[in-house]
Amino acid sequence: QVQLVESGGGSVQAGGSLTLSCTVSGYIAKYLALGWFRQAPGKEREGVACIDNSGRSSSADSVKGRFTISKDVTETTLFLRMNTLKPEDTAMYYCAADRSGGRCYPEFFPGGRADYWGQGTQVTVSS
C-alpha cells in the first residue's frame with residue numbers, strides 16, 4: 001500500500017515562495033508517476049504538475065515558470081517549489097501517485113484519476 005504524506009504548506013505573502021514535500025512509501029517509487037494537485041474552496045480540483053518515472057515533467061499553464069516539480073535521487077520524496085506566489089494559488093495541495101506505467105497520462109494529469117492520494121497541505125497566499 002502506497003502512503004503519501006505532504007508537508008511544507010503555510011501562509012505567505014504574494015510574491016513569496018514555498019516548497020512542498022511529499023514522502024512516498026510502500027511502493028517502488030520509480031514505477032510511479034507522481035503529481036501535485038490543488039483544490040480551492042468552491043472550485044474543482046486542478047492538476048498542478050506531474051513527473052514521470054523517467055524524470056520528465058509537465059505543469060499547468062497557470063503555474064508555468066513559477067512552480068517546479070522534482071524528486072530526490074532516491075525517488076522517495078516529491079517536491080513542489082513554488083515561487084512568485086499569487087493569492088489565486090491559495091488552495092489545499094495534494095500529492096498523488098499513479099501506477100499506470102509510470103507516465104503522466106492525461107487521465108492522471110491533469111485528469112486526477114490517481115491510485116493514491118495524500119491528506120493534503122494548505123497553502124494560503126495573502127495580497
Side-chain angles (χ1 to χ4, degrees):
Q1 183 74 8
V2 175
Q3 289 187 321
L4 306 172
V5 180
E6 302 98 334
S7 61
S11 297
V12 64
Q13 288 192 325
S17 298
L18 281 174
T19 298
L20 306 183
S21 300
C22 173
T23 57
V24 183
S25 61
Y27 198 83
I28 300 176
K30 68 179 181 179
Y31 297 124
L32 300 173
L34 299 169
W36 289 98
F37 295 79
R38 66 186 181 186
Q39 188 165 21
K43 294 189 176 181
E44 292 189 354
R45 183 175 57 203
E46 174 189 19
V48 176
C50 182
I51 188 165
D52 70 14
N53 59 356
S54 297
R56 290 181 294 248
S57 64
S58 53
S59 59
D61 288 343
S62 59
V63 305
K64 272 189 171 67
R66 300 188 298 122
F67 291 11
T68 303
I69 189 171
S70 62
K71 50 187 177 181
D72 71 344
V73 293
T74 65
E75 301 189 67
T76 58
T77 305
L78 178 71
F79 302 100
L80 184 68
R81 174 65 179 177
M82 305 185 293
N83 294 326
T84 320
L85 282 160
K86 304 175 181 180
E88 51 263 43
D89 295 319
T90 295
M92 185 72 79
Y93 283 72
Y94 297 93
C95 172
D98 186 75
R99 297 177 301 175
S100 301
R103 301 294 179 91
C104 294
Y105 293 116
E107 293 81 3
F108 173 54
F109 178 81
R113 193 186 71 186
D115 291 309
Y116 305 100
W117 291 91
Q119 82 289 351
T121 186
Q122 178 68 36
V123 172
T124 302
V125 185
S126 58
S127 57

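Throughout, numbering of the chain's residues begins at 1 and tracks the sequence. Heavy-atom basis, side chains included; hydrogens, waters and symmetry copies ignored.
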task = Would you check if the side chain of Trp117 reaches a backbone N or O of Leu4 as a donor-acceptor pair within less than 3.5 Å?
result = no
task = Look at the aromatic rings of Tyr93 and Phe67 and report parallel, tilted or perpendicular, splitting at 30° and 60°.
result = tilted
message = My understanding is that only residues two or more places apart in sequence, or in another chain, count here; which of them pass side chain to side chain donor-acceptor pair (under 3.5 Å) with Ser70?
response = none
query = Is there side-chain contact between Ser58 and Phe109, with heavy atoms separated by less than 4.5 Å?
reply = yes
remark   = On a heavy-atom basis, the closest approach of Arg66 and Leu85 is NH1-CA, 3.9 Å
query = For the residue pair Gly120 and Tyr94, what are the closest heavy atoms and their distance?
reply = CA-CD2, 3.5 Å
task = Of all the heavy-atom pairs spanning Gln119 and Val5, show the shortest one and how long it is.
result = OE1-CA, 3.8 Å
Interatomic spacing from CD1 in Ile69 to CD1 in Ile51 - rounded to 0.5 Å = 5.5 Å
message = Check for me, please, whether Val12 and Val63 land in the same ILVMFWY cluster - side-chain distances under 4.5 Å, paths through other members count.
response = yes
message = Heavy-atom count check: over 12 atoms from other residues, nucleotides or ligands less than 6.0 Å from Gln3 CD?
response = no
key: Shortest non-hydrogen contact from Ala97 toward Leu34   = CB-CD2, 3.7 Å
Closest non-hydrogen atom pair between Phe108 and Gly35, with its separation = CZ-N, 3.7 Å
ask   = With a 4.5 Å heavy-atom cut-off, do Leu80 and Arg38 have their side chains touching?
value = no
query = Applying salt bridge (charged side-chain N to carboxylate O under 4.0 Å, His left out), which residue pairs with at least one partner in residues 74-88 are found, sequence neighbours left out?
reply = Lys71-Glu75
message = If we ignore hydrogens and angles and just use 3.5 Å, is the side chain of Thr124 paired with the main-chain N or O of Thr90 as donor and acceptor?
response = no
ask   = Glu6 side chain to Cys22 main-chain N or O, any donor-acceptor pair under 3.5 Å?
value = no
request  = Treat each ILVMFWY residue as a node, draw an edge where side-chain heavy atoms are under 4.5 Å apart, and state whether Phe79 and Trp36 are in one component.
outcome  = no
query = So if you build clusters from Ile, Leu, Val, Met, Phe, Trp, Tyr with side-chain heavy-atom gaps below 4.5 Å, do Leu18 and Phe37 land together?
reply = no
inquiry  = Within this structure, what is the CD-OG distance for the pair Gln122 and Ser11, rounded to the nearest 0.5 Å?
reply    = 8.0 Å
ask   = Would you find a donor on one side and an acceptor on the other, under 3.5 Å apart, between the side chain of Gln39 and the backbone of Ala91?
value = no
remark   = When every non-hydrogen atom of Ala33 is compared with those of Cys104, the smallest separation belongs to CB-N, 4.3 Å
task = Please answer whether the main-chain N or O of Arg99 pairs with a side-chain N or O of Asp115 as donor and acceptor at a distance below 3.5 Å.
result = yes
note = Residues pairing under side chain to side chain donor-acceptor pair (under 3.5 Å) where one sits in residues 102-114, two or more places apart or in two chains, turn out to be none
task = Please check if Tyr116 and Val48 belong to a single hydrophobic cluster, counting links between Ile, Leu, Val, Met, Phe, Trp and Tyr side chain heavy atoms closer than 4.5 Å.
result = yes
